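Worksheet: one structure, shown below.
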Amino acid sequence: MESTSFKRFRRLRANPSIRELVQEHFLLAQNLVLPIFVHEERESIDIPHLPGHRRLSISDAISHASDCLLLGIKSFALFPVVPPGSKDASGSQALNSDSIIYRALRAFRSGLPEALLIADVALDPYTTHGHDGIWDSRMRDVDNDATVAVLEKMAILLAQAGAHFVAPSDMMDGRIRAIRAALDHSGYSHTGIISYAAKYASCYYGPFRQAIGAGIAGVTTIDKRTYQLNPANSREAVLECIQDAAEGADILMIKPAGHYLDVIKEVKSRTMLPVAAYQVSGEYSAICAAAEKGWLDKNQAALESLISIRRAGADFIFTYFAKDVAILLRA
Ligand code: PBG
């Protein structure tokens, strides 16, 4: 007889078969989104702070994505690297449909029709100051409504170039409603919106800012606290998500992921919409750096970090580990 104050939990951990039988959460390649950086050059170049990732030419990007499709990754988030000479204070190249992101989307749609394409909506790749919107020098802040007016146009151009989903990552107020209306009025009611609904003002975006060459000198410490969320708050994140759902978002995203598992869980319990999480560049690079020093096992850390994000409630995950993990999952 077993004592009532003592349970042998280890019976369910005794061997791989029983451990697998009672496993609650799973990681599948189909639930991963791979971020891809495209630039104007013909040669692809390494991104030092994001090991294993490169600024790709359009044709290299397509062959990279095509390898990933064979591994079961079907979705790609495309990000443009804009040459410093094409940037200005208002990010005007964001509306130039000949610029790199639009060319890349068109090339992906014709060269790789099976790929699901997600395009960021924000001005930071295009502005000299690296902010996500139009800078008002008198207010010394990003101008919300002037920015939203540009983002609406940008979303239409991205849909026109072939994005299946636009993903506003700017954190301006009212942009989901405005973008939904703009898409609907322009014949893109089938184009979806993945809202970066709860995006925190995080230092973990550093390597990404280096990857896209944010600002003019690749500055990684841009202060975005007047629009991105305070890491000390969670109720505010839930409010943002409820609001974006009401404004017409199809999918809500929490970002970063690993340090915000409580927020993922809370949002998941309060919405019936799919919930995504973005394991951001710094989360990836921190694991890679520790692994390089021999302090962590990179594969195990990648798998553990991602299953934790699934366990918290994310339906799918944007991650720089997507390809590595898809390979591990096949083995
Ligand atoms: C820009 C944007 C950022 C990321 C995605 N879109 C950076 C930022 O807000 O400064 C970060 C992604 C990452 O770190 O991997 N709007």
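Heads up: numbering here begins at 1 and tracks the sequence. Model, not experiment: these values are computed from the prediction. Computed over heavy atoms, backbone and side chain alike; hydrogens, waters and symmetry mates excluded.
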TODO: Measure from NZ or CZ of K199 to the centre of the six-membered ring of Y278 and say whether it is under 6.0 Å with the direction within 45° of the ring axis.
DONE: no

Task: Partner residues of E24 under the side chain to side chain contact (heavy atoms under 4.5 Å, CB included) criterion, sequence neighbours left out - done: none

Open item on the list: Does the Lys NZ or Arg CZ of K298 fall within the cation-pi geometry relative to F321 - under 6.0 Å from the ring centre and within 45° of the axis?
Closed with: no

- [ ] Treat each ILVMFWY residue as a node, draw an edge where side-chain heavy atoms are under 4.5 Å apart, and state whether L261 and V280 are in one component.
- [x] yes

Open item on the list: Between R19 and R13 (side chain of the first, backbone of the second, donor and acceptor by atom type, cut-off under 3.5 Å), is there such a pair?
Closed with: yes

- [ ] Would you check if the side chain of D46 reaches a backbone N or O of P48 as a donor-acceptor pair within less than 3.5 Å?
- [x] no

TODO: Each residue besides L28 in its hydrophobic cluster should be listed here, by chain and number; the cluster joins Ile, Leu, Val, Met, Phe, Trp and Tyr at side-chain heavy-atom distances under 4.5 Å.
DONE: none

Task: Flag side-chain contact, heavy atom, 4.5 Å: R175 against D170 - done: yes

TODO: Could you list the residues that satisfy ring-ring contact (aromatic ring centres under 6.0 Å, His included) with Y227, not counting sequence neighbours?
DONE: H131

Task: Members besides L71 in its Ile/Leu/Val/Met/Phe/Trp/Tyr cluster (side-chain heavy atoms under 4.5 Å) - done: I327

Task: Pairs satisfying salt bridge (charged side-chain N to carboxylate O under 4.0 Å, His left out), at least one member in residues 83-96, at least two apart - done: none

TODO: Keeping the roles fixed (side chain from S137, backbone from R140), state whether a donor-acceptor pair exists under 3.5 Å.
DONE: no

- [ ] Find out whether R177 and D244 are in side-chain contact, i.e. whether some heavy atom of one side chain is under 4.5 Å from a heavy atom of the other.
- [x] no

Open item on the list: Looking at H25, I want to see if its NE2 is surrounded by more than 12 non-hydrogen atoms of other residues, nucleotides or ligands under 6.0 Å.
Closed with: yes

- [ ] Identify, with sequence neighbours excluded, every residue that meets ring-ring contact (aromatic ring centres under 6.0 Å, His included) alongside Y126.
- [x] none

Open item on the list: Test: ring pair (Phe, Tyr, Trp, His ring centres under 6.0 Å). Region: residues 231-269. Which pairs qualify, not counting sequence neighbours?
Closed with: Y200-Y260, Y204-H259

Open item on the list: Taking ring-ring contact (aromatic ring centres under 6.0 Å, His included) as the definition, give me every residue that meets it alongside H53, ordered by chain and number, with sequence neighbours left out.
Closed with: Y284, Y320

Open item on the list: Check whether R270 reaches the backbone of I242 with its side chain - one donor and one acceptor, N or O, closer than 3.5 Å.
Closed with: no

Open item on the list: Under a 3.5 Å distance rule, please check whether N144 uses its side chain to pair with a backbone N or O of D173 as donor and acceptor.
Closed with: yes

- [ ] Output yes when D132 and K224 qualify as a salt bridge under the 4.0 Å nitrogen-oxygen rule, no when they do not.
- [x] yes

Open item on the list: I'd like to know if the side chain of S189 reaches the main chain of D184, judged simply by a donor and an acceptor atom lying under 3.5 Å from each other, with no hydrogens or angles considered.
Closed with: no

Task: N233 and E236: side chain donor to acceptor below 3.5 Å - done: yes

Task: F76: partners by ring-ring contact (aromatic ring centres under 6.0 Å, His included), with sequence neighbours left out - done: none

Open item on the list: For the backbone of D297 and the side chain of Q300, can you confirm whether one donor and one acceptor N or O come within less than 3.5 Å of each other?
Closed with: no

Task: N-O pairing of E266 and R235 below 4.0 Å - done: no

Task: Check: L95 and K153 side chains under 4.5 Å, non-hydrogen atoms - done: yes

Task: Where at least one partner belongs to residues 154-164, residue pairs that pass side-chain hydrogen bond (donor to acceptor under 3.5 Å, both in side chains), sequence neighbours excluded - done: R109-H164

Open item on the list: Is any side-chain heavy atom of L112 closer than 4.5 Å to one of L69?
Closed with: yes

Open item on the list: Surrounding CD of E43 (heavy atoms of other residues, nucleotides or ligands, distance under 6.0 Å), is the total greater than 12?
Closed with: no

Open item on the list: Considering only residues two or more places apart or on different chains, which pairs with a residue in residues 81-122 satisfy ring pair (Phe, Tyr, Trp, His ring centres under 6.0 Å)?
Closed with: none

- [ ] Mark yes or no for whether D315, through its side chain, and A276, through its backbone, hold a donor-acceptor pair below 3.5 Å.
- [x] no

- [ ] Go through the steps to decide whether D136 and D141 satisfy the test side-chain contact (heavy atoms from CB on, under 4.5 Å), and finish with yes or no.
- [x] CA-CA 6 Å; D136 180 332; D141 198 358; 5.8 Å; no

Open item on the list: Would you say that V142 contacts I134 through its side chain, given a criterion of any heavy-atom pair below 4.5 Å between the two side chains?
Closed with: no

Task: For A289, side chain to side chain contact (heavy atoms under 4.5 Å, CB included) partners two or more places apart - done: none

Task: Test item: T271 side-chain N/O and K268 main-chain N/O as donor-acceptor pair under 3.5 Å - done: no

TODO: Please answer: with hydrophobic residues joined when any side-chain heavy atoms are less than 4.5 Å apart, are V325 and L296 in the same cluster?
DONE: no

Open item on the list: Using modelled atom types and a 3.5 Å cut-off, is there a donor and acceptor pairing between side-chain atoms of R310 and backbone atoms of F26?
Closed with: yes

